[in-house]
Amino acid sequence: MNKSFLSVSPSEGNGNAQVVINVKENMSLDERSESLRIRTSNGVEKQVRITQDPGMIFFPTMQVSGIQVGQGEKKFAPLYHYPVISPQSDKNWLVDSINIRNLLSSFTNGRGVIAFRLRILMRKSFWENYTPEVDQGGSTYYLEDKSEELYSIDEFWYLKDDWVYVGWDWNMDSSEGSHIPSATLVFDTGDGYYKTIFEWIFSDGIDNILPQ
């Protein structure tokens, strides 16, 4: 017997027997449940409800900074940001917002580059099975293993076997305009479509720092 995220074996039999229920790991931010009906040969029926909590599968950080054209890698208005999750969001994925007003001012004279640095501590099973990626303004960024960065910080740093440290760096210059599109962390569910699990909204003021 196979359900949406679990299987039961054996599905039928005679006499007294042990039933094994195998449950797939919950790779989502949503609780899920399923009902099983157990019926005896003399017609007695019971229903069992199985509920599985959402799995915490990642811890993301985003660093956004500005680079002045013609001055090498000299940075201005750096913004070291860690997620502040909006409780007002009614979406079925996590939403974060980053105030980039100061960085956008670098585009007023048609110069300047905004640099994005994304790092995520992620469950290895999710990384290996679903290949998550970041989409921003029509561009796709495929995450890479960045574990070596941790080792360079501290030679005694280590990751547990079921976690990976991944990320990607990308730039956006003034040719993109003064509006910076949101970035989303998505993955292929295997059913022919992508699902969003995290979204970064880049706002231009404190009034809309958190999505409503």
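Values in this document were obtained by computation on a predicted structure and should not be read as measured data. Side-chain atoms are counted along with the backbone in the values below, which use heavy atoms only and exclude waters and symmetry mates.
- The shortest non-hydrogen separation linking W168 to Y141 is NE1-CD2, 3.3 Å.
- Put simply, OG1 on T51 and CD on E34 are 10.0 Å apart, with the number rounded to the nearest 0.5 Å.
- With sequence neighbours left out, the side chain to side chain donor-acceptor pair (under 3.5 Å) criterion links S182 to E199.
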Can you check salt bridge (Lys or Arg N to Asp or Glu O under 4.0 Å) on K146 and E144, steps first, answer last?
-> CA-CA 6 Å; K146 300 292 183 179; E144 292 183 345; 3.7 Å; yes
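- The salt bridge (charged side-chain N to carboxylate O under 4.0 Å, His left out) analysis of residues 124-134, with sequence neighbours excluded, yields no pairs.
- Partners of E45 by salt bridge (Lys or Arg N to Asp or Glu O under 4.0 Å), not counting sequence neighbours, listed by chain and number: R39.
- Heavy-atom neighbours of D162 CG from other residues, nucleotides or ligands within 6.0 Å: above the threshold of 12.
- Rounding to the nearest 0.5 Å gives a distance of 8.0 Å between CG of L121 and CG of L150.
- By the side chain to side chain donor-acceptor pair (under 3.5 Å) test, S147 pairs with D145, sequence neighbours left out.
- Checked against side-chain contact (heavy atoms from CB on, under 4.5 Å), T189 has the following partners two or more places apart in sequence or in another chain: F187, D191, Y193, K195.
- The backbone N or O of K24 lies less than 3.5 Å from a partner atom in the side chain of Q52, making a donor-acceptor pair.
- For D188, the side chain to side chain donor-acceptor pair (under 3.5 Å) test picks out no residue, with sequence neighbours left out.
- Scored by the side-chain contact (heavy atoms from CB on, under 4.5 Å) test, E148 finds Y151 as partners (sequence neighbours excluded).
- With sequence neighbours excluded, no residue forms a side-chain contact (heavy atoms from CB on, under 4.5 Å) with T131.
- In this structure the side chain of F58 never reaches within 4.5 angstrom of the side chain of F126, judged on heavy atoms.
- Between L143 and L185 the shortest side-chain heavy-atom distance falls below 4.5 Å.
- Once rounded to the nearest 0.5 Å, the distance linking OG1 of T61 with CD1 of I120 reads 8.0 Å.
- Side-chain contact check for W200 versus L118: some heavy-atom pair is nearer than 4.5 Å.
- For I38, the side-chain contact (heavy atoms from CB on, under 4.5 Å) test picks out V48, with sequence neighbours left out.
- A donor-acceptor pair under 3.5 Å links the side-chain atoms of Q136 to the main chain of P181, judged by distance alone.
- Nearest heavy-atom pair, I50 versus F5, reported as atom, atom and distance to 0.1 Å: O-CZ, 4.2 Å.
- Hydrophobic cluster membership of V186, counting Ile, Leu, Val, Met, Phe, Trp and Tyr whose side-chain heavy atoms lie under 4.5 Å apart directly or via other members: Y194.
- Within the 3.5 Å criterion, the main-chain N or O of I201 finds a donor-acceptor partner in the side chain of S97.
- The CG atom of D169 sits 6.0 Å away from the CZ atom of R117 when rounded to the nearest 0.5 Å.
- The side chain to side chain donor-acceptor pair (under 3.5 Å) check on N42 picks up T40, with sequence neighbours excluded.
- Residues passing the ring-ring contact (aromatic ring centres under 6.0 Å, His included) test with F116, sequence neighbours excluded: W170, F202.
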